[in-house]
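As structure tokens, the structure follows; a few thoughts come after it.
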Number of protein chains: 2
Amino acid sequence: MTFDARRDTLGRAQPGRLTYWCELAWLPPGRVAAGVAVQVDGSAITAVTEGVEPTAGVERLAGLVLPGLANTHSHAFHRALRGRTQAASRGRGSFWTWRDQMYSVVARLDPDTYLALARAVYAEMVLAGITTVGEFHYLHHGTDGQPYDDPNSMGHALVDAAHDAGLRITLLDTCYLTGGFDRPLEGAQLRFGDGDAQGWATRAGELRAAYAEVPDVVVGAAVHSVRAVPAEQLSTVAHWARTATAPLHAHVSEQPAENDQCRAAHGVSPTELLAAHGVLGPRSTAVHATHLDEQDVALLASTVTGVCLCPTTERDLADGIGPVTRLRDAGVTLTFGSDSHAVIDLFEEARAAELDERLLTRARGHLSAAELLQAATLAGHAALGFPAAGRLAPGAAADLVAVSLESVRTSGAVPDTAAETVVFAASAADVRDVVAGGRRVVRDGRHVLGDVGLLLRNAVRALL
Amino acid sequence: MTFDARRDTLGRAQPGRLTYWCELAWLPPGRVAAGVAVQVDGSAITAVTEGVEPTAGVERLAGLVLPGLANTHSHAFHRALRGRTQAASRGRGSFWTWRDQMYSVVARLDPDTYLALARAVYAEMVLAGITTVGEFHYLHHGTDGQPYDDPNSMGHALVDAAHDAGLRITLLDTCYLTGGFDRPLEGAQLRFGDGDAQGWATRAGELRAAYAEVPDVVVGAAVHSVRAVPAEQLSTVAHWARTATAPLHAHVSEQPAENDQCRAAHGVSPTELLAAHGVLGPRSTAVHATHLDEQDVALLASTVTGVCLCPTTERDLADGIGPVTRLRDAGVTLTFGSDSHAVIDLFEEARAAELDERLLTRARGHLSAAELLQAATLAGHAALGFPAAGRLAPGAAADLVAVSLESVRTSGAVPDTAAETVVFAASAADVRDVVAGGRRVVRDGRHVLGDVGLLLRNAVRALL
């Protein structure tokens, strides 16, 4: 089975020329315009005209039309845990006890069950207006770490899942070699390992080559964390990504314990260690970046490294509130990820970044709705290696996400503050129509795959 | 126009005997049971039987059926501000600038426009599974403070709105006399004032008498805050509530500035000042209670005063994170309110209480799903003077709220952790059916009033 064969079978959309007429649309660099005609040819936008009336033959989109949202950090299989890890006894739950529960799901996945689960999760994302997912993928091998006949079977399953669900994927193939500083992989973790970074690079290189000609797939790289890749092997991953001109992501300082252990082992912070080995840079993204000192923030800024915030996961896992305003003020580009999928709703991620900062500072108005939408669209797509997606402009990917302004949540909105209404009051349930790469994948709240709730239920139950 | 006449016209439900069969139901004191038959006669539950199959003639309810949710703290007119107050310039927005925007809506309301707005807002609440609202009502008089011909016209409008929308109301008639410590009312605030507490008591007494025989309406009392009622007049309000055996609510320590000003004026905290004048007690609720010291917490506990948390508003207004675990550990009963209606979703309020505590403490598992549901149902109803509502048990109000476990948000749930799924993953959009006081007010996500989004839009636009 090759991806291209599947593409042909499924008949990926090349619908020819079509014009979408948007009641309201969010146009670059960040303003709401009324009566916007978006002309599409195949998978790209060819023209955007504002202030026009709808003509015969156009496809009308009601509400506020956004460019496609980018979910910059995903672990698809975590969706199976939703609602199941909240029953911890009082005061005893932590990030680390949650991780044990997560590993018990890991043990039950194979390429077939993962394809079914990821397809359903990605369809949930598409229903939420997400047109590109960054899958931080480390579940590479069979139980006990035995490679599958094709050592990239799991990666192929994820790409196929994205294709079926109708969104682009950046498969951030993740190097995960140790269970902690100077601790081998054990138990469920054995499935993550490639022996050493060179082993990882060989396998990831094969995966990247397989999709070299596929426009909707990027194979990038990830360092799981400084806990999981020994310092002396970091540069192998960084070199691979640099050579490939590929995105390179890494979990950074999600928990204070990681900082403490890194300082004990290496005398520097995780950010400093990554910088010293070439992991930071303009195509790099630090995921979480919750517990940073001033030097870390400066280092991310000076290396033009982005930061992917995952606020709903950081709430759920009790990570703490990251230095969002300090990062922004230092010039660091922000993006959002739904990460553990406690919730899949990028509006909730976006407003959480601002609202949690309000709780911390007791002031309002840190990140504007325009900044938050920019992070969720253009910046997120750029961080995933799709710089031509995430805006409604000629030459950009033909992604259009229509958000209702007539639901009980959004009703009463006026054009002037429609972006604020969407960011601060809408939910994923308000996404009514999604065009991804020119293909209409959601119509009036229905995904082309049908009942996504049912797909999710069946896929999750197969793992219980 | 009297309320009873309206009741007769609208034909409030007394549907006779009926059995609802619930796939799963949340039964006291806090567990999920399967195959639950809830027998209803008129507006009350007469029997609850678990572990049974559905028989012919029953009304089936899919998903997890909860008792009705209580929204313990509401300012209905704030809904008109949703999405409009987020455009503040960076770093300059605060609770106090938001308050100025809120006053500009106040200036435009009259009994007719408020009836239309509150009806739509309460219908939005019913769609979210809320069967009782606590309306903290201080918009009593005409512009410049001139009483209407009937000085309770605004209060009647709110009761009528609740009746039309199909939920019970506790009208917390609010005493609001000053614009701050030693500062008279001014501008829009003039509409709030009754001259003195005795003037308030006379008017509130008339309102209470008007609904003495109406089972779905409670007229209670509120002290707006220690900023708005001079210390020497607090006991008049407390006495009124005690004599009437009515709920008595008060905003308490939402902002540090209130604490500072109260200490400057009286040498004690707001909680201590309220205690000294008899405002605290078993029928009293302190709303917000965000900035408390140990003595305040002990005082609330020893007086058996409840606390209403409004987490989404406290996020939005940058109030800070209250001492939730300390209050719970001290034995204080917690309830939830959507307050400013930035969001109307009690599941979001409930999980926010836990998640914000996680952000603060970096540990999980403070308040269980069962505790959070208890706060949102039974405790909320008790705080509003409806102690026989909020649980699925014989003798309780016939309120049933069916939450889908098959949406993209909730799918994959299993019975054992269905309550966790609902609290931590569901949204108001997952409420499919609502029976309130025996009347089926929401069927498959549709309110009996029809398109609530349209009602909201029209009501908000009338105020612009």
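Letters A, B, ... mirror the listed sequences (proteins, then strands); counts begin at 1. Atom set for the values below is all heavy atoms of this structure, side chains included, hydrogens, waters and symmetry mates excluded.
For a residue to count as touching a neighbouring chain, one of its non-hydrogen atoms must lie under 4.5 Å from one of that chain's; by this rule Arg409(B) touches chain A with backbone and side chain alike. When heavy atoms are compared at a cutoff of 4.5 Å, Leu456(B) approaches chain A by way of both its backbone and its side chain. Contact annotation for Leu464(B): only side-chain heavy atoms (C-beta onward) come within less than 4.5 Å of a heavy atom of chain A. Using a 4.5 Å cut-off between heavy atoms, Asp319(B) contacts chain A through its backbone alone, with no side-chain atom that close. For Asp356(B), the part lying under 4.5 angstrom from a heavy atom of chain A is the side chain only. When heavy atoms are compared at a cutoff of 4.5 Å, Ala413(B) approaches chain A solely by way of its backbone atoms N, CA, C and O. Residue Val460(A) touches chain B through its side chain alone, counting heavy-atom pairs closer than 4.5 Å. At a 4.5 Å heavy-atom cutoff, His447(B) makes no contact with chain A through either its backbone or its side chain.
Here Leu317(A) is the residue among Asp451(A), Thr361(A), Leu317(A) with the most heavy-atom pairs under 4.5 Å with chain B. Options Glu124(A), Arg82(A), Arg315(A) differ in how many heavy-atom pairs under 4.5 Å they form with chain B, and the most are formed by Arg315(A). Options Leu359(B), Thr417(B), Val422(B), Val414(B) differ in how many heavy-atom pairs under 4.5 Å they form with chain A, and the most are formed by Leu359(B). Among the candidates Arg461(B), Arg79(B), Glu314(B), the residue making the largest number of heavy-atom pairs closer than 4.5 Å to chain A is Arg79(B). Taking chain A as the reference chain and counting heavy-atom pairs below 4.5 Å, the highest number among Gln255(B), Glu420(B), Glu357(B) is found for Glu420(B).
Thr410(A) and Ser407(A) share a side-chain donor-acceptor pair at under 3.5 Å. For the residue pair Ser340(A) and His75(A), no side-chain donor N or O sits within less than 3.5 Å of a side-chain acceptor on the partner. In this structure, a donor-acceptor pair under 3.5 Å is absent between the side chains of Glu406(B) and Ser411(B).
For the side-chain hydrogen bond (donor to acceptor under 3.5 Å, both in side chains) test, residues two or more places apart in sequence or in another chain that qualify with Arg351(A) are Glu348(A). Under the rule for a side-chain hydrogen bond (donor to acceptor under 3.5 Å, both in side chains), the partners of His341(B) that lie at least two apart in sequence or sit in another chain are Ser74(B), Ser338(B).
Salt-bridge annotation for Glu371(A) and Arg328(A): present, with a side-chain N of the basic residue lying under 4.0 Å from a carboxylate O of the acidic one. Between Arg364(A) and Asp316(B), at least one side-chain nitrogen of the basic residue sits less than 4.0 Å from a carboxylate oxygen of the acidic one, meeting the salt-bridge criterion.
No donor-acceptor pair under 3.5 Å is formed between the side chain of Arg432(A) and the backbone N or O of Ser404(A). The backbone N or O of Gly365(B) sits less than 3.5 Å from a side-chain atom of Glu354(B), completing a donor-acceptor pair.
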